[in-house]
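Naming convention: chains lettered A, B, ... in sequence-line order (proteins, then strands); numbering from 1 in each chain. Only this structure's heavy atoms are used, side chains among them; waters, hydrogens and symmetry mates stay out.
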Amino acid sequence: MPLLPRPATARLLAAAVRPASRRLGPASARTYADEGAHDRSVQPDPKSSTSDAPSAKPGDSAMIRQQGPAEGAPRHKPDYDVAVDYRTSKFSPIPMRVMDGSEPGEAVAAAVLSGAPTELQARTVRIYRPAKTATQSGTWHGHHWRMDWDVLEKGHRWENPLMGWQSSADFMQGTHLNLNTKQDAIDFANKQGYEYFVQEPNERRIVPKAYANNFLHSPKRLKHIRTK
Amino acid sequence: MINPTYLAQKTRTSVNWADARRRVIKSYRDWLRAAPEIQQMYSLNMPVSAIRTKARQEFERHRYVAQLPTVDVLITKSNEEYQETINYWKQLTHVLKYFRAEDDPKARLPHNFVAGFLEGRN
């Protein structure tokens, strides 16, 4: 390969170098860093030293500018400029944003350090409590919270041409994580940079009943409804 | 006496951001200096500047990290990769993993929705 294709390299380098303000996290975590302020007239004069963190205090470091109102909002459209890693394939979904460690408030930017494929941050995760098995009365399995990955648009399943077995390009199919509380699950999803939605469980309503209420007399309309 | 392996770095935390900055730049300079050796060792069919650009890209990916412990772990990972590459513990596939996006058109994301739709991502 004597010469690299210029557009691909330029786009890849541009994707990695572009300011992180366009890579916005979920509502609980937003990026602040932006290297190019468009109107310096309203910003303080940038001054920085090597002892400053990249996003220590707004107005102090040269890399920071105050966030505009649109930049703080979470993204709802796929971001085609995201820097890819070596595991991107033609089945990979396009992420809304990829965590890059500049989000404030996260204890650990695990998405940056874990080495997991960045396409995992494109996939939505469902956090729910699995329902009780309808055929039995035991509720033991309905106490924990489970995290499940949505299926891919393409590539989650096809028929193997040789034997007719079900093949898949989805490495998270059939994987679920069990956690103790809802907040644990949400913290995990935030830490790993997953898009998530929480499905609240349907709580069973047990009505206390008294058999004697069936025989109470009332002169007007019956106040006691026997079936509810 | 125990001799550590060549290029082994003791894991340590950075004292402050200036310290972290020095360590990052030192690690980056090591990669730049090692680029011709990597090209010769693994017989890569690309100019040395391509390897340096790739090193730059990987460092730029984490430019805006805001937490010092995260930076420490990233520096440790960079040192690990450096040791594995220079000691010839890696194989060609492991080095070419970094260049997959340039080699393989299927390993890239499309430019926009229509380009993705035409290549079949729908």
Side-chain angles (χ1 to χ4, degrees), chain A residues 1-5 7-9 11-13 15-21 23 31-35 49-56 63 77-95 98 100-110 112-113 115 119 153-154, chain B residues 14-22 24-25 44-47 49-51 53-54 56-74 76-77 81 93-116 119-122:
Chain A
M1 191 176 56
L3 203 63
L4 285 174
T9 316
R11 227 186 101 230
L12 287 165
L13 189 55
V17 167
R18 73 194 175 88
S21 66
R23 293 182 222 134
T31 60
Y32 284 159
D34 184 354
E35 64 178 351
S49 73
T50 55
S51 51
D52 281 342
S55 56
M63 312 257 267
K77 301 172 80 149
D79 185 0
Y80 292 93
D81 292 327
V82 133
V84 296
D85 65 352
Y86 64 92
R87 275 166 287 209
T88 308
S89 71
K90 67 182 173 89
F91 296 121
S92 308
I94 320 284
V98 167
D100 61 355
S102 65
E103 289 86 11
E106 295 289 320
V108 175
V112 169
L113 298 175
E119 59 166 340
E153 296 92 32
K154 265 194 169 259
Chain B
S14 309
V15 176
N16 52 24
W17 280 101
D19 185 21
R21 186 168 179 272
R22 252 183 280 127
V24 165
I25 290 180
L44 300 173
N45 282 333
M46 58 182 79
S49 56
I51 301 171
T53 306
K54 181 56 68 176
R56 176 70 186 263
Q57 182 187 344
E58 294 298 322
F59 273 79
E60 290 285 351
R61 200 189 284 254
H62 301 298
R63 178 182 265 268
Y64 296 107
V65 173
Q67 287 124 31
L68 205 46
T70 311
V71 175
D72 287 337
V73 175
L74 288 168
T76 306
K77 282 181 142 198
E81 293 278 316
T93 39
H94 303 127
V95 175
L96 289 181
K97 256 184 352 190
Y98 290 98
F99 298 94
R100 253 205 96 206
E102 286 100 14
D103 290 341
D104 187 5
K106 286 196 294 217
R108 281 174 237 154
L109 291 181
H111 296 267
N112 51 21
F113 176 76
V114 178
E119 71 187 31
R121 285 172 185 266
N122 46 359

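The residue among Tyr98(B), Phe59(B), Phe113(B) with the most heavy atom pairs within less than 4.5 Å of chain A is Phe113(B). In terms of heavy-atom pairs under 4.5 Å with chain B, the best-connected choice from Pro78(A), Gly101(A), Ala110(A) is Gly101(A). The candidate from Arg22(B), Lys106(B), Lys97(B) with the greatest count of non-hydrogen atom pairs under 4.5 Å with chain A is Lys97(B).
The minimum heavy-atom distance linking Val84(A) with Ala101(B) is given by the pair CG2-CB, 4.1 Å.
Taking CG of Asn112(B) as the start and OH of Tyr80(A) as the end, the distance is 7.0 Å to the nearest 0.5 Å. Atoms CG and CD, from Asp100(A) and Glu60(B) in turn, are 12.0 Å apart once rounded to the nearest 0.5 Å. Arg121(B) CZ to Ser89(A) OG: the interatomic distance, rounded to the nearest 0.5 Å, is 7.0 Å. The OG atom of Ser102(A) sits 9.0 Å away from atom CD of Gln67(B), with the distance rounded to the nearest 0.5 Å. Note that OG1 of Thr88(A) and CG of Leu109(B) are 5.5 Å apart. Values are rounded to the nearest 0.5 Å.
Only the side chain of Lys154(A) has a heavy atom closer than 4.5 Å to any heavy atom of chain B.
Between the side chain of Lys90(A) and the backbone N or O of Gly120(B) there is no donor-acceptor pair closer than 3.5 Å.
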